[in-house]
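Right, one structure below, let's go through it.
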Amino acid sequence: MLDPAFVRDHQDEVKRGLKSRGLDADGELESLATLENRRRRLIPELEGLKREQNAAGDEVARAKRQGKDASGIFEANRQRAQQIRQLSIELDQVEQQRSGLLMSLPNLPHASVPIGKSAADNQVVRSWGEPRQFDFEPQAHSDLGPALGILDFERATKMSGARFSVLLGAGARMSRALIDFMLDLHTREHGYTEVAPPFLVNRASLEGTGQLPKFEADLFKIAGDWDLFLIPTAEVPLTNLHRAEIVDGDTLPLKYVAYTPCFRSEAGSYGADVRGLIRQHQFDKVELVKITRPEDSYDELEKLTLNAEEVLKRLGLPFQTVVLSTGDMGPTMAKTYDLEVWLPSQKKYREISSCSNAEGFQARRASIKFKTAGTGKAEFAHTMNGSGLAVGRTLVAILENYQQKDGSVVVPEALRPYMGGMEVIGQ
RNA sequence: GGAGAGAUGGCCGAGCGGUUUAAGGCGGUGGUCUUGAAAACCACUGAACCGGGAACGGUUCCGGGGGUUCGAAUCCCUCUCUCUCCGCCA
């Protein structure tokens, strides 16, 4: 949610920001301004009446104490009470419409974000490593994996349907090793606190991070008399750790890392990606979340992005980091870096991590505030998150980048201690 | 799943229709005293919104929502959560 006071006082800036996302919200902003005015007329009126009501209550109490009859003022009180009821209903409606509009507006892009219409306008900010030159035609992971007996799509379809997968033997082992490796790196070297959160969350949590109310269709909801959803990312439980809290400013930045499975229904087909591990209804991810002071958030976003990049470096996987253009960014985010890993079979860099600063957008929806002892009042924090990394896609990248001519796969050195010293899969 | 008891400020805890502007205590902050500290004493001690340049003033908030009433922390309904006992269970 945008800051209502900022929207009220900076109409043009807000219009411009939303237009850069390709959204013409002039109509919404006008309605919002009207509601804002009505609200600010109603509140003082209502408060004045309540003040009178309080005074009248004292008067009755005083009279009763003195044994007098106070029923003479009851008629006036009754009329005022009726007026208060009516105004309250009116104010309620205004506030509901107002917050509905506010909740529907996306975040404003940060000034450093390139303006563009789509992913084509994203900009590469740096790259690392050189794509390997193969002296044979590299296979896709969706061929390599099944051939090695470590990946099985057909049996997954039998038990769960399309876009699920089964990992077997060294494949399952490598997935577990990757999770361990990533968690160790981020907790021991990057200072994040490991969290094991629930995989089911309520509606309020998803509203806090911005998945609801707009994107319910992308989520798996639990059947029966439950208002619970499978998490689409650990960003949801981690950011909601401090929902409706005022945290001690001295503890900032808060840094959390969690491994969780992620569940996304995302209807529709995506060509070749449907075949392999790239786009699944269920996938594993190690997620980084930070809650920071507003003035530190862009520094912290840079650090968080580097923390995610470090995983790829240690695994020896070539990648590039791109800053998303205004047209390609998610609606809750003010700035997003994607890490894209090299996939030899596609001869392309493909997204493996997304690191974003939501600024105060989620903090306002989820009411995450901080306050430093002695100095002033509670203030909304900034929140950010990034994959560190998507485990399934990392497995894909390893299989494809470390494959050998005979179809075996070398285990990256950094991962061997986590796999009982295994050096090669499939020999 | 069954039976029962609860939810009050940072924490504990009183209040059960109108001097509650939420008693009292603990904790915290500042001060007095002291060479310093402790103790004692004094003062202050949350959030949201509205008006205002600010100082400040006002309204709301006793788990959430709804109702009864001139008036609700207090009465009624409902939801959520917590605790105790029984059953089941990794």
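Per chain, numbering begins at 1; letters A, B, ... match sequence-line order.
- Nucleotides B:U45 and B:G57 are separated by 12 Å at their P atoms, to the nearest Å.
- Here ring-ring contact (aromatic ring centres under 6.0 Å, His included) pairs that include residues 14-51 of chain A, with residues two or more places apart or in two chains, number zero.
- The ring-ring contact (aromatic ring centres under 6.0 Å, His included) test applied to A:Phe380 returns no partner, not counting sequence neighbours.
- Of the two residues near RNA chain B, A:Gly48 and A:Arg8, the one whose nearest nucleotide lies more 5' is A:Arg8.
- Between the C1' atoms of B:U84 and B:A39, the separation comes to 42 Å (whole Å).
- B:A7 and B:A14 have their C1' atoms separated by 15 Å, given to the nearest Å.
- In this structure, A:Tyr337 has no ring-ring contact (aromatic ring centres under 6.0 Å, His included) partners at least two apart in sequence or on a different chain.
- Distance, A:Asp227 CG to B:C81 P: 12 Å, rounded to whole Å.
- One side chain, A:Ser205 or A:Asn202, offers a donor N or O that lies under 3.5 Å from an acceptor on the other.
- Positionally, the nearest nucleotide of RNA chain B for A:Lys369 lies more toward the 5' end than for the other of A:Lys50 and A:Lys369.
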Derivation of the side chain to side chain donor-acceptor pair (under 3.5 Å) call for A:Arg80 and A:Asn77: CA-CA 5 Å; A:Arg80 184 169 43 236; A:Asn77 289 354; 2.7 Å; yes
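- In this structure, CD of A:Glu95 is placed 15 Å from P of B:U60, rounded to the nearest angstrom.
- With sequence neighbours excluded, the residues satisfying side-chain contact (heavy atoms from CB on, under 4.5 Å) with A:Pro146 are A:Leu151, A:Phe153.
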Under 4.0 Å protein heavy-atom contact, by nucleotide of nucleotides 66-78 of chain B - B base, S sugar-phosphate only: ----BS-------
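- B:U60 sits 11 Å from B:U21 when the P atoms are compared, rounded to a whole Å.
- Protein atom CZ of A:Arg203 is 15 Å distant from nucleotide atom C1' of B:U80, rounded to whole Å.
- The residues A:Lys303 and A:Glu300 are annotated as salt-bridged, a charged nitrogen and a carboxylate oxygen being separated by less than 4.0 angstrom.
- Side-chain nitrogen and oxygen atoms of A:Lys371 include none within less than 4.0 Å of the OP1 or OP2 phosphate oxygen of B:G46.
- Separating the CG atom of A:Leu87 from the P atom of B:C50 is a distance of 17 Å, rounded to the nearest angstrom.
- The separation of B:C12 from B:C79, taken at their P atoms, amounts to 27 Å, rounded to a whole angstrom.
- Between A:Arg243 atom CZ and B:U80 atom P the separation is 16 Å, expressed in whole Å.
- Residues in residues 194-218 of chain A take part in no ring-ring contact (aromatic ring centres under 6.0 Å, His included) pair, two or more places apart or across chains.
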Can you give each donor-acceptor pair under 3.5 Å made by side-chain atoms of residues 413-424 of chain A, sequence neighbours left out, with the distance rounded to 0.1 Å?
| residue | atom | partner | partner atom | Å |
| --- | --- | --- | --- | --- |
| A:Arg416 | NE | A:Val411 | O | 2.9 |
| A:Arg416 | NH2 | A:Val411 | O | 3.0 |
| A:Tyr418 | OH | A:Asp184 | OD2 | 2.7 |

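- A:His141 is linked by a ring-ring contact (aromatic ring centres under 6.0 Å, His included) to nothing, counting only residues two or more places apart in sequence or in another chain.
- Between the C1' atom of B:C61 and the CD1 atom of A:Ile246 lies a distance of 13 Å, rounded to the nearest Å.
- Annotation: proximity of residues 35-47 of chain A to RNA chain B (heavy atom, distance under 4.0 Å) is found for A:Arg39, A:Arg40, A:Ile43, A:Pro44, A:Glu47, numbered in ascending order.
- Looking at A:Thr321 and A:Glu309, their side chains do bring a donor and an acceptor atom within 3.5 Å of each other.
- In RNA chain B, runs of at least 3 consecutive Watson-Crick or G-U pairs, each pair with both distances below 3.5 Å, span B:1-7 with B:80-86, B:10-12 with B:24-26, B:27-32 with B:40-45, B:46-51 with B:56-61, B:63-67 with B:75-79.
- Separating the P atom of B:G9 from that of B:G65 is a span of 15 Å, rounded to the nearest Å.
- The separation between A:Glu379 atom CD and B:A48 atom C1' is 16 Å, rounded to whole Å.
- Taking atom C1' on both nucleotides, B:G52 is separated from B:G58 by 12 Å, rounded to a whole Å.
- Partners of A:Phe6 by ring-ring contact (aromatic ring centres under 6.0 Å, His included), not counting sequence neighbours, listed by chain and number: A:His10.
- Whole-Å rounding puts the A:Leu91 CG to B:U60 P distance at 13 Å.
- Remark: the separation of the C1' atoms in B:C89 and B:G2 is 16 Å, to the nearest Å.
- For B:U60, one of the phosphate oxygens OP1 or OP2 lies less than 4.0 angstrom from a side-chain nitrogen or oxygen of A:Asn54.
- Contacts of A:Ser31 classified as side-chain contact (heavy atoms from CB on, under 4.5 Å), with partners at least two apart in sequence or in another chain: A:Leu101.
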